[in-house]
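Input: a single structure, listed below in structure tokens.
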Amino acid sequence: MEHVENKGLNADLIEDDLENCCRGEGLCGQCQGRACNIGFAKQCIKEYKRTPKKEVAGGASQLPIIDLKSFEEAELETGIAHILKECKNCKEDHTEECIINVIRNCYEVSLLGDIHLYEGTALQYLMYLKDNYPETAGNIAGIYRDMA
């Protein structure tokens, strides 16, 4: 499989979005790191920047799905829209361990409370969200559409 960096992953944008979502030690207390959805995603993107690889080994199974911290919905929606723009609509080549998928899952758990099916296309995912989370889907789709 091709490395994501050859497909144009904007790691700086993703890292900025994650920083915007992070509540910081001032609000959270001590950083939970990998035990926090945003902290886990931040560590994934930092590792990617050190050693660009398409997949996060064991990433899907390491997601901190029991992280119950609340985050700003608007920041999470922006993060999802941006990560969807980074997706290259791989369809049948989609893997659960793809860094883009792992980070999207982190956002999902924080925003929606669980991981949701992703079939390798942003359009199908947005249609799924529209059926199940219409207001959230509208917000994400608006941000996605307005991106250059």
Side-chain angles (χ1 to χ4, degrees), residues 1-129 136-137 139-141 143-148:
M1 271 193 155
E2 231 177 310
H3 288 292
V4 175
E5 74 275 10
N6 294 334
K7 293 183 173 186
L9 178 66
N10 186 340
D12 291 334
L13 173 67
I14 304 306
E15 189 172 47
D16 288 347
D17 285 345
L18 291 166
E19 285 299 329
N20 289 337
C21 290
C22 182
R23 296 171 39 113
E25 290 187 11
L27 293 173
C28 269
Q30 185 174 2
C31 179
Q32 302 285 311
R34 295 179 76 84
C36 165
N37 287 305
I38 300 303
F40 179 72
K42 284 170 59 175
Q43 288 182 357
C44 289
I45 201 68
K46 284 178 186 174
E47 180 60 32
Y48 173 85
K49 288 177 86 173
R50 278 193 297 272
T51 311
K53 293 181 183 173
K54 178 181 173 150
E55 295 190 356
V56 176
S61 64
Q62 296 177 45
L63 289 168
I65 57 173
I66 58 171
D67 178 22
L68 301 176
K69 275 194 247 36
S70 63
F71 298 93
E72 292 294 326
E73 287 185 17
E75 296 295 343
L76 294 169
E77 290 168 347
T78 297
I80 290 174
H82 287 170
I83 204 75
L84 288 176
K85 273 294 188 183
E86 293 302 306
C87 176
K88 303 307 174 199
N89 292 317
C90 54
K91 297 178 185 158
E92 64 277 349
D93 290 332
H94 169 74
T95 69
E96 293 299 307
E97 306 297 318
C98 170
I99 187 165
I100 293 169
N101 190 66
V102 170
I103 291 172
R104 185 187 45 74
N105 286 161
C106 290
Y107 284 132
E108 280 179 339
V109 171
S110 296
L111 182 63
L112 307 172
D114 204 356
I115 295 169
H116 298 281
L117 179 65
Y118 190 82
E119 296 179 10
T121 73
L123 181 59
Q124 281 182 313
Y125 180 74
L126 288 169
M127 288 174 23
Y128 166 82
L129 288 181
T136 298
N139 296 340
I140 293 169
I143 297 163
Y144 182 87
R145 182 182 51 249
D146 292 342
M147 292 176 58

Task: Partners passing side-chain hydrogen bond (donor to acceptor under 3.5 Å, both in side chains) against Glu97 (at least two apart in sequence or in another chain) - done: none
Task: Verdict with supporting geometry, Ile83 and Ile14, side chain to side chain contact (heavy atoms under 4.5 Å, CB included) - done: CA-CA 7 Å; Ile83 204 75; Ile14 304 306; 3.5 Å; yes
TODO: Specify the closest pair of heavy atoms between Ala122 and Tyr144, including all atoms of both residues, with the distance to one decimal.
DONE: CB-OH, 3.6 Å
TODO: Apply side chain to side chain contact (heavy atoms under 4.5 Å, CB included) to Ala35 and list each qualifying residue two or more places apart in sequence or on a separate chain.
DONE: Gln32
- [ ] Please step through side chain to side chain contact (heavy atoms under 4.5 Å, CB included) for the pair Lys46 and Gln43, ending with a clear verdict.
- [x] CA-CA 5 Å; Lys46 284 178 186 174; Gln43 288 182 357; 5.7 Å; no
TODO: Over all heavy atoms of both residues, which pair between Ile100 and Glu86 is shortest? Give the atoms and the distance, please.
DONE: CD1-O, 3.4 Å
Open item on the list: Using 0.5 Å steps for rounding, measure from the NZ atom of Lys42 to the SG atom of Cys36.
Closed with: 8.0 Å
- [ ] To the nearest 0.5 angstrom, please state how far the CG atom of Leu126 sits from the OG1 atom of Thr136.
- [x] 11.5 Å
Open item on the list: So, using salt bridge (Lys or Arg N to Asp or Glu O under 4.0 Å) as the criterion, who are the partners of Glu75 when residues are at least two apart?
Closed with: none
Open item on the list: Measuring only between side-chain heavy atoms, which start at C-beta, is Ile143 closer than 4.5 Å to Ile80?
Closed with: no
Task: Within 6.0 Å of CD in Glu19, more than 12 heavy atoms from elsewhere - done: yes
- [ ] Search all heavy atoms of Ile115 against all heavy atoms of Glu108 and return the closest pair with its distance.
- [x] CA-OE1, 3.4 Å
Open item on the list: Could you work out, with salt bridge (Lys or Arg N to Asp or Glu O under 4.0 Å) as the rule, every residue matching Asp12, not counting sequence neighbours?
Closed with: Lys49
Task: Where Asn37 and Ser110 come nearest, the two heavy atoms and their spacing - done: CB-OG, 3.3 Å
TODO: Drop me the distance from Leu112's CG to Glu73's CD, to the nearest 0.5 angstrom.
DONE: 9.0 Å
TODO: Mind listing the closest non-hydrogen atom pair of Leu18 and Ile38 along with its distance?
DONE: O-CG2, 3.5 Å
Task: Pairing residues for Tyr125 by the ring-ring contact (aromatic ring centres under 6.0 Å, His included) criterion, not counting sequence neighbours - done: Tyr118
Open item on the list: Looking at Arg34 and Pro64, would you say the former's side chain and the latter's main chain have a donor-acceptor pair under 3.5 Å?
Closed with: no
Task: Heavy-atom pair with the smallest gap, counting every atom of Cys106 and Leu63 - done: SG-CD2, 3.4 Å
Task: Glu47 CD: over 12 foreign heavy atoms closer than 6.0 Å - done: yes
Task: Distance (rounded to the nearest 0.5 Å) between Asn20 CG and Leu76 CG - done: 10.5 Å
TODO: With sequence neighbours excluded, tell me which residues meet salt bridge (Lys or Arg N to Asp or Glu O under 4.0 Å) with Glu96.
DONE: none
Task: Distance in Å, Lys85 NZ paired with Met147 CE, rounded so as to fall on 0.5 Å steps - done: 6.0 Å
Open item on the list: For a side chain to side chain contact (heavy atoms under 4.5 Å, CB included) check, start with the C-alpha distance between Glu72 and Cys21, then their side-chain angles and the critical distance, and finish with the verdict.
Closed with: CA-CA 7 Å; Glu72 292 294 326; Cys21 290; over 6 Å; no
Task: Spacing of Leu111 atom CG and Leu129 atom CG [to the nearest 0.5 Å] - done: 8.5 Å
Open item on the list: For the backbone of Ala11 and the side chain of Glu15, can you confirm whether one donor and one acceptor N or O come within less than 3.5 Å of each other?
Closed with: no
TODO: Verify side chain to side chain contact (heavy atoms under 4.5 Å, CB included) between Ile103 and Phe40, making sure each step is shown before the conclusion.
DONE: CA-CA 8 Å; Ile103 291 172; Phe40 179 72; over 6 Å; no
